[in-house]
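Encoded as structure tokens, the structure appears first; notes follow it.
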Amino acid sequence: MLDIENFDRKFEHIVHSEQWKNLESAFNEAEFVNIFGNGGNMGVADHAAIDISRLTNKNAQCPGSGVRATSIIGDTSFEEWFKVWLEMVSRGVDPSKCIAIGLSCSTVGASSNSIVKALNWAIDKGMDASLFSAQPKEKLNKKIIPITQYTKYYHTSEIMSLALTYQLTHAAGFDCPTISKKAQERRFESLGIESEIETSNQHVPPGMENQLNNLAIDFDGVVHTFDKGWHDGTCYGEPMDGALDSIKELSEKYNIIIFTAKVRPDRPLVNGKTGYELVDEWLEKYNVRQYIDEITYEKPRAEWYIDDKAIEFTNNWNEVKNRLI
């Protein structure tokens, strides 16, 4: 089977990183998005540019035309052409409203250099810039936001880069449409797509159909014993009685989401690791990570919440108040 290198886990590690939060902030502020890459990454960039323009309020573009590429390369060189393209498309545009995003799988050579030169130029002109790369790159301006995937295959890196552009769209507050919504809009009933139509007609906002069966479970004191409190910040505890077997069984019916303040992005590193990494490794250690759909610090959408510090509310404010005072 095709190796996509633990795609889900790599994706989650990236979107919970400090670098990613910085990129989200820059992307949210930008009005103009210039995205580019060589080879297969040009196709990814072209796809991303049109969808960012369609789905958000931003103006996104990619130098996808062969006419454009060969014309500029003919006038300059392969290593210079992305930089020249950026110069052309940013004429008369406030650079503080622009972000340049380069996509790269190569580690050295002309292909890599062409992208790095363009991003360095963007930073020099006052733009924000980010590099999605399969492996770390050298000679980057320190202001460029590095999004390193640590992948070894071209296909994993290219798929990851496209998925991350959709994550930027989603995190900026815009909807990535569901297939079921499109099916309903285009009246695909005649094609026999019954399951799609059934899903789209449920009482749930479009795009959230897959969250109907979410079960949110607190980590500390519910899955992990947490008998020493915060202690040294590590996940030092043992599994709570029955927790692991329950998670495995419940995962057959629900999407299991672990929520914990441990994975907040502003939490200091513990032994060089983020809280997300510590929780992820603990779940892996006890062989339940494969049953977990998501680890988050936010309150997730869920049908039920399991939390040792929760007070169930059943229209009983007086009882709740008396319990807390």
Determine the interplanar angle of the [X] and [Y] rings, folded into 0 to 90°, and report it as parallel if under 30°, tilted if 30 to 60°, perpendicular if over 60°.
X      : Y      : result
Phe7   : Phe11  : parallel
His47  : Tyr166 : perpendicular
Phe219 : Trp282 : perpendicular
Tyr153 : His155 : parallel

Does some side-chain heavy atom of [Y] sit less than 4.5 Å from a side-chain heavy atom of [X]?
X      : Y      : value
Leu55  : Asp175 : no
Trp20  : Leu168 : yes
Arg289 : Ile295 : yes
Asp307 : Phe259 : yes
Lys262 : Asp220 : yes
Tyr254 : Asn214 : no
Asn38  : Ser114 : yes
Asn255 : Leu215 : no

Determine whether a donor-acceptor pair (N or O, by modelled atom type, separation under 3.5 Å) exists between the side chain of [X] and the backbone of [Y].
X      : Y      : result
Arg267 : Gly233 : yes
Asn120 : Asn141 : yes
Tyr236 : Lys228 : yes
His224 : Pro239 : no
Gln61  : Ile35  : no
Asp46  : Val44  : no

Rounded at 0.5 Å granularity, tell me how far [atom1] in [X] sits from [atom2] in [Y].
X      : Y      : atom1 : atom2 : value
Ile159 : Leu164 : CD1   : CG    : 12.0 Å
Leu23  : Ile144 : CG    : CD1   : 12.5 Å
Gln149 : Leu103 : CD    : CG    : 8.5 Å
Asp124 : Lys143 : CG    : NZ    : 9.0 Å
Leu283 : Leu278 : CG    : CG    : 11.0 Å
Ile247 : Ile306 : CD1   : CD1   : 8.5 Å

Can you name the nearest heavy-atom pair linking [X] to [Y], along with the distance?
X      : Y      : value
Lys253 : Asn213 : O-CB, 3.9 Å
Val116 : Lys137 : CG2-CD, 3.9 Å
Cys105 : Ala134 : O-CB, 3.8 Å
Ser104 : Ile115 : CB-CD1, 3.7 Å
Asn41  : Glu158 : OD1-CG, 3.5 Å
Ile147 : Ser130 : CG1-OG, 3.6 Å

Is [X] atom [atom1] crowded by more than 12 heavy atoms from other residues, nucleotides or ligands, each under 6.0 Å away?
X      : atom1 : value
Tyr154 : OH    : no
His13  : NE2   : yes
Glu319 : CD    : no
Asn271 : CG    : no
Gln290 : CD    : yes

Co-membership, hydrophobic cluster, residues [X] and [Y], 4.5 Å side-chain:
X      : Y      : result
Ile52  : Leu119 : no
Trp85  : Ile50  : no
Ile73  : Val67  : no
Ile258 : Tyr305 : no
Val89  : Met42  : yes

Are a donor atom and an acceptor atom from the side chains of Thr260 and Asp218 found within less than 3.5 Å of each other?
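Distance-only check fails for Thr260 and Asp218.
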Would you say the side-chain atoms of Thr156 and Glu5 include a donor-acceptor pair closer than 3.5 Å?
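Yes, a side-chain donor-acceptor pair sits under 3.5 Å.
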Looking at [Y] and [X], is there a salt bridge between them, counting it only when a charged N and a carboxylate O are closer than 4.0 Å?
X      : Y      : value
Lys125 : Glu87  : no
Lys21  : Glu18  : no
Arg264 : Asp266 : yes
Lys117 : Glu80  : yes

Take Thr274 and Ser17 through the side-chain contact (heavy atoms from CB on, under 4.5 Å) test and state the conclusion after the steps.
CA-CA 8 Å; Thr274 64; Ser17 67; over 6 Å; no
Give a yes/no verdict on a cation-pi contact between Lys10 and Tyr150, requiring under 6.0 Å between NZ or CZ and the six-membered ring centre and an angle within 45° of the axis.
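No.
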Can the positive tip of Lys58 be found less than 6.0 Å from the middle of the six-membered ring of Phe174, inside 45° of the ring normal?
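Cation-pi check for Lys58 and Phe174: fails.
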Can you check side-chain contact (heavy atoms from CB on, under 4.5 Å) on Val223 and Met240, steps first, answer last?
CA-CA 5 Å; Val223 179; Met240 297 287 290; 5.6 Å; no
Run the numbers on Leu86 and Asn34 for side-chain contact (heavy atoms from CB on, under 4.5 Å), then give the verdict.
CA-CA 8 Å; Leu86 275 179; Asn34 301 311; 3.6 Å; yes
Could you give me the CA-CA distance, side-chain angles and deciding distance for Lys97 and Glu29, then say whether salt bridge (charged side-chain N to carboxylate O under 4.0 Å, His left out) is met?
CA-CA 7 Å; Lys97 297 180 180 179; Glu29 294 295 323; over 6 Å; no
Pair Arg9-Glu284, salt bridge (charged side-chain N to carboxylate O under 4.0 Å, His left out): steps then yes or no:
CA-CA 11 Å; Arg9 293 184 63 185; Glu284 188 71 47; 3.0 Å; yes
Step-by-step side-chain contact (heavy atoms from CB on, under 4.5 Å) determination, Gln167 to Thr165
CA-CA 5 Å; Gln167 178 64 24; Thr165 65; over 6 Å; no
